[in-house]
There are 2 protein chains.
Amino acid sequence: MAKFKLDEVDHQILDMLIENTRTPFTDIAKKLLISAGTVHVRVKKMEDAGIIKGSSLTLDYVKLGYSFIAYVGIFLEKTHQTKFVLERLNQIPYITVAHITTGKFNIFCKIRAKDTKHAKEIIFKVDDIDGVSRTETMISLEESINDKRRLMHTIFNDL
Amino acid sequence: MAKFKLDEVDHQILDMLIENTRTPFTDIAKKLLISAGTVHVRVKKMEDAGIIKGSSLTLDYVKLGYSFIAYVGIFLEKTHQTKFVLERLNQIPYITVAHITTGKFNIFCKIRAKDTKHAKEIIFKVDDIDGVSRTETMISLEESINDKRRLMHTIFNDL
DNA sequence: GGTGAAACTTCTAATAA
DNA sequence: TTATTAGAAGTTTCACC
C-alpha cells in the first residue's frame with residue numbers, strides 16, 4: 001500500500017478534525033488562512049483516497065456501565081483453527097478488538113465488560129470455543145494512555 | 001460512576017452518529033420521526049452529561065505508512081516504578097494505548113509503527129526505560145476484529 | 001419534555017482566476 | 001490548485017404546545 005502524500009495544509013485540517021469532526025470548515029479555513037471551499041475540496045480528496053475512512057463518537061463507556069477492560073491471550077490447539085475461532089469471537093460483542101499474533105499467543109483480544117462477574121462469563125465463553133486450548137487474562141487496572149493524536153502529530157512531522 | 005439512563009431515542013441517535021458523526025440532525029430527525037430541534041437538544045444533553053466525550057476521525061494508518069501493530073507486555077523491577085515508566089512511555093508517540101494490568105505483565109501497551117525496523121527501535125526504547133526489567137512482544141499479523149458498534153448495540157439492548 | 005418556523009451558520013458546487 | 005460566490009442545506013433558538 002502506497003504511502004500517501006499530504007502537505008502541511010492537509011495535516012492541519014486532519015489535526016483539527018481529529019480533535020473534533022464537527023469543526024466547521026469555515027473555522028478551519030479561518031485558522032489556516034484559506035477559503036472554506038479549499039478545505040472542502042481537500043477533505044473530499046482525502047476521503048476519496050481512503051485516508052479518511054470515517055468518523056466516530058468517543059463515548060464514555062464507564063458512564064454507560066461498562067468499566068471493565070481486559071486483554072485475553074488465546075492459545076489454540078492447532079493454528080488452522082484460527083479462522084473458525086475468530087468467527088466465534090466475532091459473535092461475542094464484548095470483544096471489541098482481536099488480532100492474530102506471533103509470539104506467546106495465537107490470538108489476542110480485548111474485552112469490555114460491566115464488571116468482574118460479567119467478564120468471567122465472557123472469558124468462559126471464549127474458553128469454551130472449540131479449538132481453544134487455554135487463555136490467559138490480563139485485567140486492566142487503569143487505562144493510562146489512549147491517544148492517537150500524538151501519533152498523528154508524529155506522522156505529520158515524519159513526512 | 002452512575003449508570004446513565006438513555007431512552008430508545010437517545011440510543012438511535014447515538015447509533016447513527018457512531019456510524020458517522022456528520023450525519024445531519026435533519027436526517028436523524030426524519031428517520032426517527034422527531035424534529036431536528038429535538039435531536040439537537042438530546043445530543044447536547046448527552047454531551048453535557050459526558051456520555052459523548054467527543055468525536056474523532058478514523059484514518060487509514062496503513063495508507064499513511066504505518067502498517068505495523070504490536071502489543072508489548074512490560075515487566076517492571078518494582079511495582080512502585082509504574083508511574084515513572086508510564087510517564088516515559090507517554091513520551092513515545094508510537095505507543096497509542098497503555099494499561100496497568102494484573103496478571104503476567106505490569107504494564108501492557110500497544111504500538112503502531114512503520115515496519116519491523118521501526119518497531120524494533122521503539123521496543124528497544126521501552127526496554128531502556130529505568131525500571132523495566134524486560135518486555136515481551138506480540139506482533140499482530142492481522143487485525144481481525146475492531147468494532148465498537150457491536151458493543152454499542154449490545155449496551156443498548158441490555159438496558 | 002416536544003414542535004415548527006425563523007434566523008443564523010455552514011456546506012457545496014460552479015465559475016473564475 | 002485555490003478563491004469567490006450564491007443557492008442549498010443544516011443548526012440552533014424560541015415562542016408555544
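Throughout, protein chains are lettered first and strands after them, A, B, ... in sequence-line order, and every chain is numbered starting at 1.
- Comparing dT1(D), dT11(D), dT10(C) against the side chain of Lys45(A) picks out dT1(D) as the nearest.
- Remark: P of dT12(D) and NZ of Lys44(B) are 9 Å apart, rounded to the nearest angstrom.
- Across dA3(D), dC11(C), dT1(D), the shortest atom-to-atom separation from the side chain of Ile34(A) is found for dA3(D).
- The closest donor-acceptor contact from the side chain of Thr135(A) to the backbone of Val72(A) lies at 3.5 Å or more, if one exists at all.
- With hydrogens and angles ignored, the 3.5 Å screen pairs a side-chain donor or acceptor of Arg22(B) with a backbone N or O of Thr21(A).
- Whole-Å rounding puts the Asp10(A) CG to dT2(D) P distance at 8 Å.
- Across the protein-nucleic acid pair, Lys30(B) atom NZ and dG10(D) atom C1' stand 11 Å apart, rounded to whole Å.
- When each of Ala36(B) and Ala36(A) is assigned the nucleotide of DNA chain D bearing its nearest heavy atom, the one mapping closer to the 5' terminus is Ala36(A).
- As a whole-Å value, the separation of Asp27(A) CG from dC8(C) P is 18 Å.
- At whole-Å resolution of the value, CG in Asn20(B) and P in dC11(C) are 14 Å apart.
- Atom P of nucleotide dT10(C) and atom CZ of Phe25(B) are separated by 14 Å, given to the nearest angstrom.
- Residue Arg42(A) places its side chain closer to dT1(D) than to any other of dT1(D), dT4(D), dG4(C).
- For His40(A), a side-chain nitrogen or oxygen approaches OP1 or OP2 of dT12(C) to under 4.0 Å.
- Below 30°, between 30° and 60°, or above 60°: for Tyr94(A) and Tyr66(A) the angle between ring planes is below 30°, a parallel geometry.
- Backbone-only engagement by Thr26(A) is indicated by non-hydrogen atom pairs under 4.0 Å involving sugar-phosphate atoms exclusively.
- Across Thr137(A), Ile95(A), Ile111(A), a single residue satisfies side chain to side chain contact (heavy atoms under 4.5 Å, CB included) together with Val126(A), and that is Ile95(A).
- Within 6.0 Å of the CG atom in Asp48(A), the count of heavy atoms belonging to other residues, nucleotides or ligands exceeds 12.
- Asp48(A) has its CG atom 12 Å from the P atom of dT12(C), to the nearest Å.
- Residue Val9(B) is the one, among Val9(B) and Arg22(B), whose nearest nucleotide of DNA chain C lies closer to the 5' end (criterion: closest heavy atom).
- For Ile13(A) and dT1(D), the CD1 to C1' distance is 13 Å, given to the nearest whole Å.
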